[in-house]
Amino acid sequence: MTSTLDTTAVDGLVAVRRPYIDGRFVEGAGPSVSVDNPATEAEIATVEGCSVDQVEAAILAARRSFDEGPWSGATRAERVATMLRFAEHLDARSEELRTTLIAEAGATAMMLATAQLGLPLRHAHDACDLYLSLPEQEYNPRPVDEVAAAGRVVASVRVFEPIGVVSAITAYNYPLWLNIWKVVPALLAGNSVVLRPSPFTPLTALVLGEAADAAGIPPGVFNVVVEGGFEGSHLMTTHPAVDHVSFTGSTTVGRQIMAQASATVKRVMLELGGKSVQLYLPDAVDRAPTGCAAVFANHAGQACVAPTRMLVPNASKADVIERMRSVIDHLSVGDPLDPTVQVGPLISAAQRERCERLVAAAAAAGGDVAIGGGRPAGLDRGWFFEPTVVDVPDNSNPIAQEEVFGPVLTVIGYDDVDEAVRIANDSIFGLAGYVYGNDVAEATRVGRQIRAGTVSVNGGAGSAYGSSGGHTQSGLDRERGPEGIRAYQQIKHLAIGNL
């Protein structure tokens, strides 16, 4: 069902509208960036954009701050104390962040309680605890005869040090969490950071500049640059003063960033696209009809880990799709200002057109658009798309291979579990996977065969303590968890001997 739109002006947004460079908010010298409400199509803010020269100024400020050492040379305790103040400032701004995430990202009340607001705020605190739990150095295990060779005692130590200047480039779908995933671990590790948020959702990034200022992070250590185009982000991936590029976005752009960073051999962290499966084993197929909500209510399918390929036994496929109708009928689609809405808008007209185009391509290739497939009735404004279910004969259909990034679920049948695993792994992507089975041991056995960076068996977990990352063309390296902090450090082997 659909919910009507509230077209009144949005108050209570994050107020800052300027880039944050070298410890202060500065007047933008580039084209302004219009921020639109995806539920109403109305402009809610105009942000002063950066020129390319200002992006370079931010990079050079980060370089200077790192090399001079007011942050990189601080103790772990000092950095953690500052980052806890950073986190507490964000906690105090939670109502502004809530209003802003609804208005600029289209976040629903359910998503605000979890991945849009609740989890990011907790993550900023938990990452500090996790960082303190990791040793600053580790001794390399060595055999006794090697240690005592030639009468010398030699220590062999791995020391974890900051990398340097980090370019963080984030996507629009979960702006606060993605920014915190990158910024907080990178800063805790002693790096200096330049953050470039999506031009669709810059406001929740600019508030991080205010948090840095309030927390007392030294000038140049953290910078936020905003742009509507791509010249600045290109510079952030090619500039010789940058040591590490951390990017979340599409696989297509990730490939470009790898190429751009290669000339200076930068470290690259990529969290890219996905075409994740939700695989129901025969003994759990009764759970499958409600599985569509894991796509549709998850920010209208705008999640790289969304399980957009459903695998069910062929004998049950028609029944599963039919039973989905009642589930979808009870999903409210509309303005996320309405707390009863579960499916909000897509971020832009272009993203809605992508959904329309891929659904049409699926039908042309033999798929059956069983449910939805167009714009919801009664929602003439806003970039909404109906919760859509496409029944495809096999995994070669284009909608089973391409990431849609919208509320579109593909249903594929299988004859036996081995075939289901082959279908699950028949993809260039390997970001996530989901397996459901009443026999937990069997479901776990199947889950271990799914080629993906995160596989959830009968559930899932998202926190600062468990890492995520892609296999194959879904990315490189890990975010969150211990690995998500170590990714922003480099290892030095320190060998110490007695003369």
Side-chain angles (χ1 to χ4, degrees), residues 34-41 104-108 111 169-175 178 198-201 228-230 247-256 271-276 292 294-310 328 333 336 343-376 379-392 395-411 427-429 431-432 470 473-475:
S34 174
V35 183
D36 298 333
N37 185 329
T40 65
E41 305 180 32
E104 73 171 353
T108 62
M111 297 309 301
I169 304 171
T170 57
Y172 66 79
N173 52 334
Y174 293 97
L178 293 176
S198 165
F200 290 117
T201 53
F230 301 99
F247 170 75
T248 296
S250 72
T251 294
T252 299
V253 177
R255 296 184 190 116
Q256 296 171 356
E271 196 210 26
L272 306 177
K275 197 67 188 177
S276 303
C292 62
V295 176
F296 305 144
N298 190 351
H299 200 39
Q302 296 171 108
C304 50
V305 296
T308 54
R309 285 188 298 159
M310 177 182 284
I328 293 171
V333 181
V343 184
L346 298 174
I347 195 64
S348 65
Q351 193 58 35
R352 182 173 62 189
E353 289 165 4
R354 176 177 174 82
C355 290
E356 293 170 339
R357 184 173 67 254
L358 286 173
V359 168
D368 173 33
V369 183
I371 302 171
R375 305 183 187 191
L379 291 175
D380 297 327
R381 285 201 295 177
W383 297 305
F384 296 94
F385 195 75
E386 289 179 295
T388 298
V389 177
V390 183
D391 177 1
V392 299
N395 198 53
S396 66
N397 191 283
I399 210 162
Q401 292 293 326
E402 294 192 47
E403 184 178 40
V404 180
F405 230 59
V408 179
L409 175 67
T410 301
V411 183
S427 174
I428 67 168
F429 300 111
L431 191 58
Q473 294 191 40
S474 283

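What you are looking at is a predicted structure, and each value in this text was computed from that prediction instead of being measured.
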Check your understanding: Once you round to the nearest 0.5 Å, how far does CZ of R352 lie from CD1 of I347?
Key -> 13.0 Å
Revision key, fill the gap. Value for CG (L178) from OG1 (T248), rounded to nearest 0.5 Å, stands at 5.0 Å
Point to revise | Flag, side chain of T251 to backbone of G273, donor-acceptor distance under 3.5 Å | key: yes
Review point. Counting only N and O atoms by type, is there a donor-acceptor contact under 3.5 Å from the side chain of S198 to the main-chain atoms of A171?
Key: no
Point to revise | Heavy-atom closest contact (A361 atom, P398 atom, distance) | key: O-CG, 3.8 Å
Exercise for review: Considering non-hydrogen atoms only, spot the tightest contact between P336 and P345 and give its length.
Suggested key: CD-CD, 3.8 Å
Practice item. On the 0 to 90° scale, with breaks at 30° and 60°, tag the H299-Y174 ring pair as parallel, tilted or perpendicular. Key: tilted
Practice item. Kindly indicate whether the side chain of L272, heavy atoms from C-beta on, has any atom under 4.5 Å from the side chain of F247. Key: yes
Review point. Going from CD on E403 to OG on S474, what distance comes out if it is rounded to the nearest 0.5 angstrom?
Key: 8.0 Å
Practice item. Evaluate the side-chain proximity of E356 to F385: yes if any heavy-atom separation is below 4.5 Å, no if none is. Key: yes
Review point. Closest approach of V369 and A363, non-hydrogen atoms and distance?
Key: CG2-CB, 4.2 Å
Point to revise | Sidechain-backbone polar pair: K275 side chain, E402 backbone, donor-acceptor under 3.5 Å | key: yes
Exercise for review: Could you walk me through whether I399 and V392 pass the side chain to side chain contact (heavy atoms under 4.5 Å, CB included) test, one step at a time?
Suggested key: CA-CA 9 Å; I399 210 162; V392 299; 4.0 Å; yes
Point to revise | Atom pair CG (N395) and CD (Q401), whose distance is rounded to the nearest 0.5 Å | key: 5.0 Å
Review point. Between L346 and P407, is any pair of side-chain heavy atoms under 4.5 Å apart?
Key: yes
Study note, to complete from the structure: Nearest heavy-atom contact between A365 and N397 is CB-ND2, 3.6 Å
Exercise for review: Compare every heavy atom of I328 with every heavy atom of P387, then report the nearest pair and how far apart it is.
Suggested key: CB-CG2, 4.0 Å
Review point. Are side-chain heavy atoms of Q351 and W383 found at a separation under 4.5 Å?
Key: no
Revision key, fill the gap. Residues N298 and A294: closest non-hydrogen pair is CB-O, 3.2 Å
Review point. Just how far is it from atom SG of C355 to atom CD of E386, taken to the nearest 0.5 Å?
Key: 11.5 Å
Check your understanding: Rounded to the nearest 0.5 Å, how far apart are CZ of F405 and CZ of R354?
Key -> 10.0 Å
Check your understanding: Should T308 and V404 count as side-chain neighbours, where that means a heavy-atom distance under 4.5 Å?
Key -> no
Review point. So do F200 and N173 actually touch side chain to side chain, heavy atoms under 4.5 Å?
Key: no
Point to revise | Note, L431 side chain near E271 side chain (heavy atom, < 4.5 Å) | key: yes
Check your understanding: Do the side chains of L379 and V333 get nearer than 4.5 Å, heavy atoms only?
Key -> yes
